[in-house]
Amino acid sequence: MRGPDQDPAEIAWQAAKIGYADLVELASGMDAWTAAGLPTTTTRLVGPGDVRGSVLDIRQSAEFAFGLLPGGQHVGLGDLPARAGDVPREPLVVMCGHGERAMGAASLLEQAGHRDVAVLTGGPRDWAAATGGRLESGR
C-alpha cells in the first residue's frame, strides 16, 4: 500500500527499473484483491542470524570489495537481468548493503522463474555481528 507521502511517479519509476511496467494502484487495497481470489506472492525475509543455503550478493563491485558472506556469489544488481540464468536454482538468500536493493533483485529472479528466494534484512556487517562469522575478501 502506498503511503500518503509517497509519490506515485517515483514508485512507478523505481518499479520500471526492475522490470515492472504495468502498475495498478488498488483503491480497496490487498484485502479486496485477495477476497476476489486474485493471485498473490510473497518473498521471505531472513534475519542476519538465519541465513541458510546459497547467498547472492548484488552490491556494486566497490561495495563488494569490503567483504561478503562465506561462499556467496556476486552478481551486481545492474547485471542481474542478463545473468539471472547464471544464478543456481536452489534455495537462495539475496543480499545487498542493507536490504532494499535485495528485494528488487529477488523480484527479478522470481520473474525469471527462480523459486525459494529470500531477502536478507540487513547487510554483511549485520550478519557478521549476529553470527560472529568472518566475511570473506571481496573478489
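Residue numbers count from 1 along this sequence. In this text, all values refer to a predicted model and were calculated from it rather than measured experimentally.
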Worksheet, complete the sentence: Separation between CD1 (I58) and CG (D79), nearest 0.5 Å, reads 11.0 Å
Worksheet item: Side-chain donor-acceptor pair under 3.5 Å between T41 and E110, yes or no?
Response: no
Worksheet item: Going hydrophobic residue to hydrophobic residue with side-chain gaps under 4.5 angstrom, can you get from M103 over to L23?
Response: no
Practice prompt. Could you tell me which residues satisfy salt bridge (charged side-chain N to carboxylate O under 4.0 Å, His left out) with D5, sequence neighbours excluded, listed by chain and number?
Written response: none
Worksheet item: Charged N to carboxylate O under 4.0 angstrom, R101 versus E63?
Response: yes
Fill in: Q111 side chain near P81 side chain, heavy-atom distance below 4.5 Å
no
Worksheet item: For the side chain of W127 and the backbone of L135, is there at least one donor-acceptor N/O pair under 3.5 Å apart?
Response: no
Worksheet item: Residues in salt bridge (charged side-chain N to carboxylate O under 4.0 Å, His left out) with D116, at least two apart?
Response: R44
Worksheet item: Do V117 and V94 touch side chain to side chain, with heavy atoms closer than 4.5 Å?
Response: yes
Practice prompt. Give a yes or no on whether L92 and L77 share a hydrophobic cluster (residues Ile, Leu, Val, Met, Phe, Trp, Tyr; joining criterion: side-chain heavy atoms under 4.5 Å apart).
Written response: yes
Item to complete: Would you check if the side chain of T121 reaches a backbone N or O of V46 as a donor-acceptor pair within less than 3.5 Å?
Response: yes
Discussion item. Please give me the minimum heavy-atom distance between A106 and V119, naming the atom from each residue.
Written reply: CB-CG2, 3.6 Å
Practice prompt. Check for a donor-acceptor pair, side chain of R89 on one end and backbone N or O of G113 on the other, with a separation under 3.5 Å.
Written response: yes
Item to complete: Decide whether V75 and M95 are clustered together by the hydrophobic rule: side chain heavy atoms of Ile, Leu, Val, Met, Phe, Trp, Tyr closer than 4.5 Å, transitively.
Response: no
Discussion item. Is it true that, when you exclude Q14 itself, more than 12 heavy atoms of the residues, nucleotides or ligands shown sit nearer than 6.0 Å to its CD?
Written reply: yes
Practice prompt. Would you check if the side chain of H114 reaches a backbone N or O of S107 as a donor-acceptor pair within less than 3.5 Å?
Written response: no
Worksheet item: Under 3.5 Å, is there a donor-acceptor pair between the side chain of H74 and the main chain of L56?
Response: no
Practice prompt. Kindly give the heavy-atom pair with the smallest separation between A112 and A84, and that separation in Å.
Written response: CB-CB, 3.8 Å
Practice prompt. Look up atom CG in D126 and atom CG in L120, then write down how far apart they are to the nearest 0.5 Å.
Written response: 7.0 Å
Worksheet item: Which atoms form the tightest heavy-atom contact between A102 and C96, and what is the distance?
Response: N-SG, 3.5 Å
Item to complete: State whether the side chain of Q73 and the backbone N or O of V55 hold a donor-acceptor pair below 3.5 Å, judged by distance alone.
Response: no
Discussion item. Any heavy-atom pair between the side chains of L69 and E136 that's under 4.5 Å?
Written reply: no
Item to complete: Mind listing the closest non-hydrogen atom pair of A130 and G49 along with its distance?
Response: CB-N, 3.9 Å
Worksheet item: How many angstroms lie between CG in L80 and CZ in R83, if you round to the nearest 0.5 Å?
Response: 8.5 Å
Item to complete: Output yes when a side-chain donor or acceptor of T34 lies under 3.5 Å from a complementary backbone atom of M30, and no otherwise.
Response: yes
Response to the item:
d(L68 CG, R59 CZ) to nearest 0.5 Å is 7.0 Å
